[in-house]
Amino acid sequence: MARSKIVIEPDGESVAERAARLVVEIVRQAVAENGKCTVALSGGATPRELYRRLARSPAREQIDWGRVHLFLGDERVVPQEHPDSNFRMVKELLLDRVPVPPSHVHRIPAELGAVAAAATYEEVLRRVFGTVPGVIPTFDLILLGLGSDGHTASLFPRTRALGVRDRLVTASESPSSVIARVTLTVPVLQAARQVIVLVTGADKAEAVRRAIEGTLDLEETPAQLLRSARGDVTWLLDRAAADRLASAARRSDTD
Ligand code: 6PG
């Protein structure tokens, strides 16, 4: 049975610290059970400090990076060197600093354009996970963020990508940017064994409330897709992002 957990930390630093400990725990358990761990990384600004912590002691030494396969949950359709590239950010803060084998790093080939990149990445997933069409690959861990409009990955409100159920990866568009996107689809996000949603800042508080407690309307708040997740979902929030949650849901989970 899927479990949804809300963990509230005082600030962004403690969110990143708690997230690093949780990621290490999940990766070590997956490697112990299956000999490997598959992780889809989030883009955006929030996970930056988490990636920095994973790339230094103690987390760096606690993970057997040779057993980890790293993917991206979504990507902007820009060159890899572009400041908006999620892969560029992940590479600088994490991939260049840990001994993950290059063959275990699976970037979204955004240079192909959104549609071709999505199709290519779908084949990468099928190859690495060994799944046939119709079978949804199960990531051990998917890291996600949340936009103030309620989007997650690159699944934005009232967009076509939100309705795609017969593909693993699809082209997408952000209403606030002309830059096209590529994203894992709803079924893939919902299939993960573990999902960690990292959200900080008062500007996200209303989106957090809608995602966790609001009236169900996936078109308006795509992050509500996590309510139907098959695995465990951990909302890892700072106090500012949790500020609009009903008191019943708020609990500052402490060790
Ligand atoms: C992206 C992310 C996106 C992000 C949210 C929150 O490519 O930008 O996948 O879903 O997680 O937009 O972004 P911030 O962490 O920058 O607030």
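Worth saying up front: this structure is predicted, and the values here are computed from it rather than measured. When a ligand or atom number is given, it counts from 1 through the structure's own listing order.
Of all the heavy atoms of H151, the ones lying under 4.0 Å from any atom of ligand 1 belong exclusively to the side chain. Residue contacts with ligand 1, taken as heavy atom pairs separated by less than 4.0 Å, involve A45 via backbone and side-chain atoms alike.
Evaluated by nearest non-hydrogen atom to atom 3 (C) of ligand 1, the leading choice among G44, G147, A153, G145 is A153.
A salt bridge links E49 with R56; the closest basic N to acidic carboxylate O contact falls under 4.0 Å. A salt bridge is defined here as a Lys NZ or Arg NE, NH1 or NH2 lying under 4.0 Å from an Asp or Glu carboxylate O, and E123 with R127 fails to meet this definition. Ion pairing between a basic and an acidic side chain is recognised when a charged N comes within 4.0 Å of a carboxylate O; R181 and D74 show such pairing.
Counting all heavy atoms, side chain and backbone alike, V208 lies closest to L237 at CG1-CD1, 3.9 Å.
Counting protein heavy atoms only, atom 15 (O) of ligand 1 is closest to T46 OG1, 2.6 Å. Atom 8 (O) of ligand 1 has as its closest protein heavy atom R76 NH2, 2.6 Å. The shortest contact between atom 17 (O) of ligand 1 and any protein heavy atom is with K204 NZ, 2.7 Å. Looking only at heavy atoms of the protein, atom 6 (C) of ligand 1 is closest to L146 O, 3.5 Å.
Backbone and side-chain nitrogen or oxygen atoms of S154 are examined, and none is located within less than 3.5 angstrom of a nitrogen or oxygen of ligand 1. Geometrically, ligand 1 and L144 share no nitrogen or oxygen pair separated by less than 3.5 Å.
Distance OG1/T170 to CG/L155: 9.0 Å, rounded to 0.5 Å. The CZ atom of R193 sits 12.0 Å away from atom CD1 of I26, with the distance rounded to the nearest 0.5 Å.
Each of the atoms 1 (C), 7 (O), 8 (O) of ligand 1 lies under 4.0 Å from some heavy atom of R181. For ligand 1, the atoms sitting less than 4.0 Å from at least one non-hydrogen atom of S42 are 11 (O), numbered in the order shown with element in parentheses. Near N86, the atoms of ligand 1 lying under 4.0 angstrom from a non-hydrogen atom of the residue are 1 (C), 7 (O). Residue-ligand proximity, D74 to ligand 1, at heavy-atom distances under 4.0 Å covers atoms 1 (C), 2 (C), 7 (O), 9 (O).
Only one option out of R53, R60, E61 pairs with S57 in a side-chain hydrogen bond (donor to acceptor under 3.5 Å, both in side chains); it is E61.
Within the 4.0 Å heavy-atom shell around ligand 1 one does not find E75.
Using a 4.5 Å cut-off between side-chain heavy atoms of Ile, Leu, Val, Met, Phe, Trp and Tyr, with links allowed through other members, V182 and V78 fall into different hydrophobic clusters. Following chains of ILVMFWY side-chain contacts shorter than 4.5 Å, one can reach I142 starting from F71, so the two form part of one hydrophobic cluster.
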